[in-house]
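Down below is the structure, laid out as C-alpha cells.
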Amino acid sequence: MAEGAQLGFGGAGWLSAGASLFQVLGTLQQGRLARAQAQRVQQAYLFLQWQAEREAGQVKAVSQRVALEERRQGELAASRALAVAAASGAGVSDPTMVQVITDAQGEAAYRAAIALYEGEAKARQLRLEAAAGGIAAADALTSGYATEQGYALRALGETARGGMSLYAKYGQKGPGTTSQPAARGDAALIDE
C-alpha cells in the first residue's frame with residue numbers, strides 16, 4: 001500500500017489497473033477460443049473429406065463389379081444362344097446366329113461401359129466434394145488464426161488504452177502526487 005501511495009495510486013488506481021488486466025486477459029482468451037473452434041471446424045471438414053474420398057473409392061469398386069457382372073451375363077447369353085442354335089440344328093456360321101451372339105456380347109459390353117462410366121462420374125463428384133472439404137478446412141483454420149490475431153491486437157490496444165488512462169489520471173504530476181490533497185493518514189505513508 002505504501003508503494004501504491006508513493007506512486008500516486010489510490011485504491012481506485014489499483015482497481016482500474018486490475019480491471020484493465022482482466023479485460024486484456026479476457027480478450028486473449030476469446031482469441032484462443034476462436035482458434036480452438038476453428039480447429040474443431042477444420043477437423044470436421046477433414047473428416048468429411050476423408051469420408052468422401054473413401055466413398056468415391058467404394059463407388060468405383062462397385063461399378064467395376066457391376067461391369068464384370070454385365071460382361072459375364074453377356075457371355076452367358078451368347079453361350080445360351082449358341083447352345084439353342086446347336087440344338088435346333090443351325091450352325092455357328094449361320095448369319096442369324098452370328099448376329100444374335102454379336103448382339104448379346106455387344107449389349108453386355110455396352111452395359112459394362114455404362115456401369116463403369118456411372119461409377120467414375122459418381123466417384124469424380126465425391127472427389128470434388130472431398131477437395132471442397134479440404135479447402136473449407138484450410139479456410140476455417142485461417143479464419144481462426146486471423147480471429148485470434150485480431151483479439152491479440154485488441155488486447156494490445158486495451159493495454160495501451162489502460163496505461164494511457166492510468167498515466168493521465170495518476171502519472172502527469174510525478175510520483176507521490178495525486179490530483180486530490182492527501183488525507184492525513186496518507187501523508188504519513190508518503191513521508192516514509
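Below, each value reflects all heavy atoms present in this structure, side chains not excepted, and no hydrogens, waters or symmetry copies.
To the nearest 0.5 angstrom, Ser63 atom OG is 12.0 Å from Ile114 atom CD1. Residue Leu141 holds its CG atom at 9.0 Å from CG of Leu46, rounded to the nearest 0.5 Å. In this structure, Leu116 CG and Leu68 CG are separated by 8.0 Å, a value rounded to the nearest 0.5 Å. With rounding to the nearest 0.5 Å, the separation of CG in Leu153 from CD in Gln149 is 6.5 Å. For the atom pair Arg154 CZ and Leu28 CG, the distance stands at 10.5 Å (nearest 0.5 Å). Atom-to-atom distance recorded for Arg32:CZ and Thr27:OG1 is 10.5 Å, nearest 0.5 angstrom.
Using modelled atom types, no side-chain atom of Ser79 and backbone atom of Glu75 make a donor-acceptor pair closer than 3.5 Å. Of the possible polar contacts, none joining the Ser143 side chain to the Asp139 backbone as a donor-acceptor pair under 3.5 Å is found.
With no hydrogens or angles considered, no side-chain donor-acceptor pair links Arg54 and Gln51 at under 3.5 Å.
Between Ala137 and Tyr45, the closest heavy-atom pair is CB-CB, 3.6 Å. The minimum heavy-atom distance linking Ala38 with Ala140 is given by the pair CB-O, 3.1 Å. Taking each heavy atom of Ala67 and Ala115 in turn, the nearest pair found is N-CB, 4.0 Å. The minimum heavy-atom distance linking Ala130 with Gln49 is given by the pair O-CG, 3.0 Å. Taking every heavy atom of both residues into account, Ala34 and Thr147 meet most closely at CB-CG2, 3.4 Å. Met97 approaches Ala81 most closely through the heavy-atom pair CE-O, 3.0 Å.
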Hey, mind stepping through Leu76 and Gln73 against side-chain contact (heavy atoms from CB on, under 4.5 Å) and telling me if it holds? CA-CA 5 Å; Leu76 287 175; Gln73 290 297 324; 4.2 Å; yes
Set out, in order, the CA-CA distance, both residues' side-chain angles and the distance that settles side-chain contact (heavy atoms from CB on, under 4.5 Å) for Val98 and Asp94, then state yes or no. CA-CA 6 Å; Val98 170; Asp94 182 66; over 6 Å; no
Output, in order, the C-alpha distance, side-chain angles, deciding distance and verdict of side chain to side chain donor-acceptor pair (under 3.5 Å) for Gln43 and Arg40. CA-CA 5 Å; Gln43 291 301 315; Arg40 284 190 296 276; over 6 Å; no
Determine whether Gln39 and Tyr145 satisfy the following criterion, side-chain contact (heavy atoms from CB on, under 4.5 Å), listing intermediate values before the conclusion. CA-CA 9 Å; Gln39 288 171 334; Tyr145 282 127; 3.6 Å; yes
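Lys60 pairs in a salt bridge (Lys or Arg N to Asp or Glu O under 4.0 Å) with only one of the listed residues (Glu53, Glu120, Glu55), which is Glu120.
You'll find the side chain of Asp103 stays beyond 4.5 Å of the side chain of Glu107, heavy atoms only.
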